[in-house]
Enquirer: 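Structure incoming, see below.
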Amino acid sequence: MDKPSHLIEFEHMILGRHQFGSDNRRKQEGRLERSTYIILSRIRAQGPMSVGQLSEAFQLDASTLNRQTAGAVKAGLLERIPDPEGGMARKFRLTAEGGQRLDAEREMQIGGLDKVFEDWSAEDVEIFARYVQRFNTSIERLSGQPWPRS
């Protein structure tokens, strides 16, 4: 690996296969699918969103988002509502169940990360977090698709 970006690409590929907080058993009772977790997180951060808005935000085909949101509606995690701003498209918002399941999943993810960082100093974890955020915001700047941050 002759450039740092080669090493980063390789490590990013490996990072993408890890599942935190699950002991590598994604199908545990009550666990959210990765795509559902991300969609619910985005809707919580941004507020109600249409399939078109989700498609644009994730740069995915609307048919993919239709399938994913239909599953989340069927599971009681999302509900379709009229556009609160008066638009024609119906939007999705979290149900109470969806919010509870999202919170539980996030806690499991954080618990898994806490195990990973057990032997790291608090300063190292903070520095790493800042670099990951910087990396993500750089990607978002280039893609034109920023993730809402509070």
Side-chain angles (χ1 to χ4, degrees), residues 1-73 75-79 84-85 91-150:
M1 302 203 188
D2 51 343
K3 288 174 52 176
S5 57
H6 293 169
L7 178 60
I8 292 168
E9 183 281 329
F10 181 77
E11 294 298 335
H12 180 263
M13 179 269 304
I14 293 172
L15 179 64
R17 68 172 288 281
H18 294 297
Q19 296 177 4
F20 303 105
S22 67
D23 296 329
N24 294 322
R25 293 186 301 266
R26 172 57 64 190
K27 296 292 183 190
Q28 289 176 333
E29 184 71 28
R31 295 301 305 267
L32 295 176
E33 292 289 331
R34 181 172 169 75
S35 61
T36 302
Y37 178 67
I38 294 169
I39 289 169
L40 296 180
S41 294
R42 181 62 184 246
I43 291 172
R44 174 174 278 166
Q46 188 165 331
M49 296 178 74
S50 67
V51 167
Q53 289 171 316
L54 289 165
S55 177
E56 183 179 331
F58 294 122
Q59 299 177 334
L60 293 172
D61 187 78
S63 64
T64 300
L65 273 305
N66 271 320
R67 188 173 57 257
Q68 292 172 343
T69 54
V73 168
L77 306 174
L78 291 175
E79 61 185 347
E85 292 145 17
K91 293 193 173 186
F92 295 98
R93 77 172 167 205
L94 290 177
T95 62
E97 173 76 11
Q100 291 168 354
R101 296 268 307 274
L102 178 59
D103 290 341
E105 184 71 25
R106 181 157 289 133
E107 286 304 312
M108 290 180 87
Q109 295 286 329
I110 291 167
L113 286 167
D114 286 343
K115 289 178 187 174
V116 171
F117 294 127
E118 278 178 346
D119 61 347
W120 289 40
S121 72
E123 180 182 19
D124 283 348
V125 174
E126 188 175 324
I127 290 167
F128 181 69
R130 284 197 308 260
Y131 275 121
V132 172
Q133 182 179 26
R134 182 178 173 188
F135 179 73
N136 281 331
T137 57
S138 292
I139 292 169
E140 293 163 8
R141 177 182 45 79
L142 292 171
S143 71
Q145 299 297 328
W147 190 277
R149 289 178 171 82
S150 47

Enquirer: With Val73, which residues qualify under side chain to side chain contact (heavy atoms under 4.5 Å, CB included), at least two apart?
Expert: Leu78, Phe92
Enquirer: Is there a donor-acceptor contact under 3.5 Å from the side chain of Ser143 to the main chain of Ile139?
Expert: yes
Enquirer: For a 4.5 angstrom cut-off between non-hydrogen side-chain atoms, does Leu77 reach Leu32?
Expert: yes
Enquirer: For residues Lys91 and Pro48, report the shortest heavy-atom separation together with the two atoms involved.
Expert: CD-O, 3.6 Å
Enquirer: Describe, in one word, how the ring planes of Phe128 and Trp120 are oriented to each other, choosing from parallel (under 30°), tilted (30 to 60°) and perpendicular (over 60°).
Expert: perpendicular
Enquirer: Report the C-alpha separation of Glu140 and Arg149 in whole Å, then their side-chain angles, then the decisive distance to 0.1 Å, and conclude whether the salt bridge (charged side-chain N to carboxylate O under 4.0 Å, His left out) test is met.
Expert: CA-CA 12 Å; Glu140 293 163 8; Arg149 289 178 171 82; 2.7 Å; yes
Enquirer: Does Gln46 reach the main-chain N or O of Ile43 with its side chain, forming a donor-acceptor pair under 3.5 Å?
Expert: no
Enquirer: Just how far is it from atom CG of Leu60 to atom CD1 of Ile39, taken to the nearest 0.5 Å?
Expert: 8.0 Å
Enquirer: Atom OH of Tyr37 and atom CZ of Arg31: how far apart are they, to the nearest 0.5 Å?
Expert: 9.0 Å
Enquirer: Nearest 0.5 angstrom please: Ile38 CD1 to Gln68 CD, how far?
Expert: 9.0 Å
Enquirer: The test is side-chain contact (heavy atoms from CB on, under 4.5 Å); show your working for Phe135 and His12 and say whether it passes.
Expert: CA-CA 11 Å; Phe135 179 73; His12 180 263; 4.2 Å; yes
Enquirer: Would you check, one step at a time, whether the test side-chain contact (heavy atoms from CB on, under 4.5 Å) holds for Phe58 with Arg42?
Expert: CA-CA 10 Å; Phe58 294 122; Arg42 181 62 184 246; 3.6 Å; yes
Enquirer: Report the distance from atom OG1 of Thr137 to atom CZ of Arg141, rounding to the nearest 0.5 Å.
Expert: 8.0 Å
Enquirer: From Glu105 CD over to Leu40 CG, what is the distance, rounded to the nearest 0.5 angstrom?
Expert: 9.5 Å
Enquirer: Can you check whether His6 reaches Glu9 side chain to side chain, under 4.5 Å on heavy atoms?
Expert: no
Enquirer: Atom CE in Met49, atom CG in Leu65: separation rounded to 0.5 Å?
Expert: 8.5 Å
Enquirer: Checking Ala104 now: which residues fulfil side chain to side chain contact (heavy atoms under 4.5 Å, CB included) with it, not counting sequence neighbours?
Expert: none
Enquirer: Will you find, in the side chains of Arg106 and Ser41, an N or O donor that is under 3.5 Å from an N or O acceptor?
Expert: yes
Enquirer: Between Glu123 and Glu126, does the side-chain contact (heavy atoms from CB on, under 4.5 Å) criterion hold? Intermediate values first, please.
Expert: CA-CA 5 Å; Glu123 180 182 19; Glu126 188 175 324; 5.7 Å; no
Enquirer: Which pairs, with at least one residue in residues 56-66 and sequence neighbours excluded, count as a side-chain hydrogen bond (donor to acceptor under 3.5 Å, both in side chains)?
Expert: Asp61-Ser63
